[in-house]
Amino acid sequence: MNITLKDGQSIEMEEGQSCGQAAKKVSDALSKAAVAAKVNGKLVDLATVLKDGDRLEIVTLEDKEGLDVYRHTCAHVLAQAIKNIYPTCHLAIGPTIENGFYYDIDFNSPITQDDFDKIESEMRKIIKSRTKLERFVLPRDKALELMKKYDEPYKVELINDLPEDEVISFYKQGSFTDLCRGPHLPNTGKIVPSAFKLTSIAGAYWRGSEKNKMLTRIYGVAFAKKEEMDEYFRIMEEAKKRDHIKLGKDLKIFALMNEGKGFPFFLPNGMVIKNTLTEYWRNLHRQEGYVEIQTPIILTRSLWENSGHWEHYKDNMYTTKIDGEDHAVKPMNCPGCMLVYKLEPHSYKELPLRIAEMGLVHRHEKSGQLHGLFRVRCFTQDDAHIFMLPEQITDEIKGVVRLADTIYKQFGFEYKVELSTRPENSMGTQEEWDMATDALKQALDEMGLEYQINEGDGAFYGPKIDFHLKDAIGRTWQCGTIQLDFQMPQRFDLEYTGEDGQKHRPIMIHRALFGSIERFIGILIEHYAGKFPVWLAPVQAKILTLTDRAEDYANAICKQYKDAGIRCEVDARNEKLGYKIREAKLEKVPYILVVGDKEVEDGTVNINQRDVDAKQTSSVDDFQARILKEIADKTVF
């Protein structure tokens, strides 16, 4: 039989041979590196038998899918180790996550992180045994019988909930068997014993429902090399120092309170940052020809039914009754913008019409998922909706991409682009989805941007482009998004009069560039480790007095600077200078200006620039000109 490889070449194989044997036929090096395979686009085990005409791609740990398989097998090794040590426990689920895996387990007696050493030791024994992972399938009745025999009630429940036509597969490794779709490594010896670690323990409700039993979730990380794991932990240590929740509290940027879980309180320093970002956003959008609107926070159920949110997103929405009629607090700004568009007739000459909104939205997130400013229940989305002619799609998408590039580079971010395609739970025809997806691809291709395809992760109304920002310590954050929508203009019956005098349907782009201004502030806190550039810093210069006699001079300078638009404060407390400097440094103020008798006499300030050892002396006016230029240029140092 003939098998076609990824590069288009063909190899001849004997009937009944596997993907692993095909890898061996290509080269010993590929065989050694192989962890899984893709046959006709489907990820499978290396033991999968090939058929004539199959398209084969060998997957290694250089591929994302390969690392997922590797980490999934680590989860099974963890489960086997747990069963060996705690034979009366019950297993639930063990998926992969970014950088690792977890397993949810029902223990008869609680365990703690102190137990991790013996669990890891048992895992290493299983890895060193090089035990084969063998897949087998069973009919439903036999599958249930097997899991009941092993006393695994959670697996029984999972099997009972599978569709009638679902293939029920298991993986056996030595004496251990687990319900699993796979695929997996060919044997446990493929895992590097020094490149995995159990990291934490948490409670997790079975199937995420508070009505169900609380299970124990054990998290772990796993990498292809020990060096990669060491680098991961180095980054995690650095991330702790940059934790936006701690810094947000220390720098008095925001507060989290039990009286409003998931609803952050922005403090005066935080409002300076938020308002500065908003002003920057508004100026850019005015230059790009956007108009700004504001739509209500609460709107009727009928609107959300029309938009599709009531059907597809209701579980994440807050609802209420007004005058006996169902209403919802908006989780998104788009339906309100549709109503604004419909207020008056439009001509093709007006398009593209770019409408922006800094809109406050509310989404019901589970309490266990809330995290600082990164996952909240209300946030300000820097939304915009662009209504356009079909022939304007590519240029408008390119315009949004250029605007995103301007913003991300301003803050010192590198970024990667991801194109997400049609999900299962979606509206519209395949033809519409293909047209929308091709338009996004065309824009990215014409701009020469590299991008990855993320199959099945689009919005329910259209495909999207996502921007993943890389911060100062190498972590990535999904922020901006561009979504091309053929559906909502149809559902809201939006129209414009074309050059032919007939009514036509506009095409629409949804886009957000900060994504959420609250989350973006959280990312900036960690990106800068709280050391905001001068133009964003809540306090841009702090004047410290060395003597009581310098207080009037300090206040006069501060007034001059404030009048010029510099955010300035005076610390004239009767404290030692070293103490005041340390406090100002903890506040991460960009410029600390010290004034004493000499500075009063000379009309100068002594400049301590953040993270710069050398001190400088400058006239009051020269420093004013210097810092105003940095603010105007939005300099990052």
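In this chain, residues are counted from 1 in sequence order.
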Inset, instruction - Not counting sequence neighbours, list each pair that qualifies as a ring-ring contact (aromatic ring centres under 6.0 Å, His included) and has a residue in residues 540-569. - result: Tyr561-Phe623

Legend entry - Flag if over 12 foreign heavy atoms under 6.0 Å of CD, Glu414: no

Inset, instruction - Please name all residues satisfying ring-ring contact (aromatic ring centres under 6.0 Å, His included) with Phe520, sequence neighbours left out, ordered by chain then number. - result: Phe411, Phe514

Inset, instruction - Determine whether more than 12 heavy atoms belonging to other residues, nucleotides or ligands lie under 6.0 Å from atom CD of Gln560. - result: yes

Legend entry - Residue list, side-chain contact (heavy atoms from CB on, under 4.5 Å) with Lys252, at least two apart or on another chain: Leu267, Asn269

Legend entry - side-chain hydrogen bond (donor to acceptor under 3.5 Å, both in side chains) against Asn316, all qualifying residues, sequence neighbours excluded: none

Inset, instruction - Give a yes-or-no answer on whether the side chains of Glu518 and Thr380 include a donor-acceptor pair shorter than 3.5 Å. - result: yes

Inset, instruction - Take Arg234 and Glu237, measure what salt bridge (Lys or Arg N to Asp or Glu O under 4.0 Å) needs, and give me the verdict at the end. - result: CA-CA 5 Å; Arg234 186 196 68 77; Glu237 276 302 308; over 6 Å; no

Inset, instruction - Output yes when a side-chain donor or acceptor of Arg217 lies under 3.5 Å from a complementary backbone atom of Ala202, and no otherwise. - result: no

Legend entry - Test item: Glu630 side-chain N/O and Thr635 main-chain N/O as donor-acceptor pair under 3.5 Å: no

Legend entry - Donor-acceptor pair between Glu228 and Tyr232 side chains, under 3.5 angstrom: no

Legend entry - Residues in ring-ring contact (aromatic ring centres under 6.0 Å, His included) contact with Tyr318, at least two apart in sequence or another chain: His364

Legend entry - Whether Gln381 side chain and Ala512 backbone form a donor-acceptor pair below 3.5 Å: no

Legend entry - Residues forming a side-chain hydrogen bond (donor to acceptor under 3.5 Å, both in side chains) with Thr295, sequence neighbours excluded: Lys330, Glu357

Legend entry - Main-chain N/O of Phe223 paired with Tyr70 side-chain donor or acceptor, under 3.5 Å: yes

Inset, instruction - Using atom types as modelled and distance alone, determine if a side-chain donor or acceptor of Glu599 lies under 3.5 Å from a backbone N or O of Gly596. - result: yes

Inset, instruction - Salt-bridge test for Asp68 and Lys64: reply yes if a basic N is under 4.0 Å from a carboxylate O, no otherwise. - result: yes

Legend entry - NZ (Lys634) with more than 12 external heavy atoms under 6.0 Å: yes

Legend entry - Within 6.0 angstrom of Gln616 CD, more than 12 heavy atoms from elsewhere: yes

Inset, instruction - Give me the ring orientation class for Phe374 and His371: parallel if the planes are under 30° apart, tilted from 30 to 60°, perpendicular past 60°. - result: tilted

Inset, instruction - Take atom NZ of Lys398 as the centre, draw a 6.0 Å sphere, and report whether it contains more than 12 heavy atoms from other residues, nucleotides or ligands. - result: yes

